[in-house]
Protein chains: 2
Amino acid sequence: MFQQLFKSIQEKVVLTPEEMELCKTFFIPKKLRKKQMLLQEGDICIYNAFVEKGILRSFSMDEKGNEHIVQFAIEGWWITDLSSFLTNSNSIYTIEALEDSELLLLTTEAREALMDKIPMFERYQRLLLQNAYIANQARINSALTETAEEKYTNLGNAYPGIVKRVPQHMIASYLGLTPETLSRVRKQITNRI
Amino acid sequence: MFQQLFKSIQEKVVLTPEEMELCKTFFIPKKLRKKQMLLQEGDICIYNAFVEKGILRSFSMDEKGNEHIVQFAIEGWWITDLSSFLTNSNSIYTIEALEDSELLLLTTEAREALMDKIPMFERYQRLLLQNAYIANQARINSALTETAEEKYTNLGNAYPGIVKRVPQHMIASYLGLTPETLSRVRKQITNRI
DNA sequence: AAATTCTATTGATCTATGTCAAGTAAAATT
DNA sequence: AATTTTACTTGACATAGATCAATAGAATTT
């Protein structure tokens, strides 16, 4: 149940065996079937979720009913609406499982208690945030500078696991493209080879 | 020299007077004149900069020579290329002062030493990263869902200080628009009133 | 104060991507 | 196995925003 989590933690910091045992007690295991939701738009996001198995997406919906995917999370990644989670505000995002998934959940209180009791857990969280910040910065730069085709090929190079595993129209949504445009972009790429 | 910095820290955590004194010794004060650079594209970003006074931007350049602004930083904000700063890689960004500015610089080593010696400084860094993450997430969602006009009005509402203080074509660049398009968007808005 | 550079505006035209609609194949559900 | 839903593709057409070019006022620099 905790393999992926401890792998993720140990890549960044060192915990004592006692700390690891303590750590376990704070997480709530949760299974989600495909299409089940961890968070619904309008609700308050009370969990920070670590993905042990499966894949999830978070997305917002515009007035026309179009979904816009802001994040994917596969094994070893975290997902939440941080803004809603930290400020108890209503979320504008929905978080949904794209496959049957196994999660480890932290409430705000559990997360804070863990950080107070285990300083290295706070460091782990900081290091995660640094990586997420860098990834988001890169994505913003990509949105500002790249064409549809560049966005798609670069995503495929950076995260082949996600592009292979997720329906194409969701990749389009994540890149800010329509499914039709992505289909045409892919056609152009294959025609060129 | 340290007013803004301690204001920023004290909004998030509590430091003892001794810790505050210790803290000061790690920062390098630096003044930049308008148009001077803190970081040039291709160089390694060796500083994490806190803005005591003034305003800076970080931007990337595409093949056509167009600049794309990824961040502004005014008094009380931090700016760096985190990816380059943390991994000693060559930066794809340039960081430049838009007005005469006063900065407090931290090297990677100084930042790490501070976090080791003052746990609350690490917490402060984590809380900064959380806020930055939320802001970046919002910007990604904005890029995916909003029209040119919505982007502009929302930015003006969220950060009036920046929109007033910076040339219009730089606001356009930050929003991923051409200066011409932003000019037309603004005209439409005023015509409508 | 003259010269230069920067900034914003406007018009004409272009283009990348979006929209709408139809058709097929594959997957999931009953 | 049949039905329904989901996924992807393709064509025709529309449009938001980009590009190119010209102008003019402000702000800087000399």
Side-chain angles (χ1 to χ4, degrees), chain A residues 32-36 54-55 57 59 61-69 72 96-101 142-156 162-192, chain B residues 33-36 55 57 59 61-69 72 96-100 142-156 162-193:
Chain A
L32 280 188
R33 307 297 303 273
K34 185 174 175 171
K35 291 193 187 176
Q36 280 189 316
I55 179 165
R57 64 166 179 155
F59 62 93
M61 200 119 112
D62 64 27
E63 328 77 53
K64 292 181 195 158
N66 296 316
E67 296 174 355
H68 301 273
I69 298 181
F72 291 111
E96 180 203 54
L98 298 179
E99 301 173 2
D100 295 353
S101 300
S142 154
L144 291 176
T145 59
E146 294 170 3
T147 63
E149 182 175 332
E150 286 165 341
K151 286 176 195 169
Y152 177 68
T153 37
N154 290 343
L155 183 69
I162 289 176
V163 174
K164 278 180 209 140
R165 202 163 160 187
V166 159
Q168 195 175 302
H169 69 273
M170 291 196 186
I171 299 298
S173 166
Y174 180 85
L175 295 174
L177 306 172
T178 59
E180 294 93 333
T181 295
L182 183 55
S183 174
R184 291 184 177 108
V185 162
R186 281 163 48 85
K187 195 183 177 189
Q188 259 201 292
I189 294 172
T190 42
N191 280 174
R192 203 176 309 132
Chain B
R33 306 300 303 273
K34 185 173 175 172
K35 293 195 186 173
Q36 281 190 314
I55 179 165
R57 64 168 179 155
F59 63 93
M61 199 118 114
D62 65 25
E63 328 77 53
K64 291 180 195 159
N66 294 316
E67 296 175 353
H68 302 272
I69 297 180
F72 290 111
E96 179 203 54
L98 298 178
E99 300 173 2
D100 294 353
S142 155
L144 291 175
T145 59
E146 293 170 3
T147 62
E149 181 175 334
E150 287 165 340
K151 285 176 195 169
Y152 177 68
T153 37
N154 291 342
L155 183 69
I162 289 176
V163 175
K164 279 180 208 139
R165 203 161 160 187
V166 159
Q168 196 175 300
H169 69 272
M170 290 195 186
I171 299 297
S173 166
Y174 181 86
L175 295 174
L177 307 172
T178 59
E180 294 93 333
T181 294
L182 182 54
S183 174
R184 290 184 177 108
V185 162
R186 281 164 48 86
K187 194 183 177 186
Q188 259 201 291
I189 294 172
T190 42
N191 281 175
R192 204 177 309 132
I193 303 166

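The chains referred to below are lettered A, B, ... by the order of the sequence lines, with proteins before strands, and numbering in each begins at 1.
- Both P167(B) and V185(A) lie near DNA chain C, and the one whose nearest nucleotide falls closer to the 5' end is P167(B).
- Side chain of N154(A) to backbone of E150(A): a donor-acceptor contact under 3.5 angstrom is found.
- A pairwise comparison of heavy atoms in L144(A) and Y174(B) identifies CD2-O, 3.7 Å as the closest pair.
- With respect to K34(B) and D100(B), no salt bridge is recorded, no charged nitrogen being found less than 4.0 Å from a carboxylate O.
- First and last contacting nucleotides of DNA chain D toward chain A (any atom under 4.0 angstrom from a heavy atom, 5' to 3' order): dT6(D) to dA12(D).
- Not one side-chain nitrogen or oxygen of H169(B) sits closer than 4.0 Å to the OP1 or OP2 atom of dC6(C).
- Residues M61(B) and E67(B) meet the side-chain proximity criterion, which asks for heavy atoms closer than 4.5 Å.
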Please produce a list of atom pairs where a protein N or O lies less than 3.5 Å from an N or O of nucleotides 9-12 of chain C.
residue: dT9(C); atom: OP2; partner: Q168(B); partner atom: NE2; Å: 2.6
residue: dT9(C); atom: OP2; partner: S183(B); partner atom: OG; Å: 3.0
residue: dT9(C); atom: O5'; partner: S183(B); partner atom: OG; Å: 3.3
residue: dG11(C); atom: N7; partner: R184(B); partner atom: NH2; Å: 2.6
residue: dG11(C); atom: O6; partner: R184(B); partner atom: NH2; Å: 2.9
residue: dA12(C); atom: N6; partner: R184(B); partner atom: NH2; Å: 3.3

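- A distance-only check finds a donor-acceptor pair linking the side chain of S173(B) to the backbone of I69(B) [under 3.5 Å].
- Distance check, rounded to the nearest 0.5 Å: CG of L177(A) to OH of Y152(A) gives 11.0 Å.
- Two residues are said to be in side-chain contact when any heavy atoms from C-beta on lie closer than 4.5 Å; I171(B) and I162(B) meet this criterion.
- Proximity of R186(B) to L182(B): side-chain heavy atoms (C-beta onward) are separated by under 4.5 Å at one or more points.
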Could you walk me through whether F59(B) and H68(B) pass the side-chain contact (heavy atoms from CB on, under 4.5 Å) check?
CA-CA 5 Å; F59(B) 63 93; H68(B) 302 272; 5.8 Å; no

Using the 3.5 Å cut-off, write out each protein N or O paired with an N or O of nucleotides 24-28 of chain C and the distance between them.
none

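- Counting all heavy atoms, side chain and backbone alike, G156(B) lies closest to V163(B) at CA-CG2, 3.8 Å.
- Taking atom CD of E63(A) as the reference point, atom C1' of dT19(C) lies 16 Å away to the nearest angstrom.
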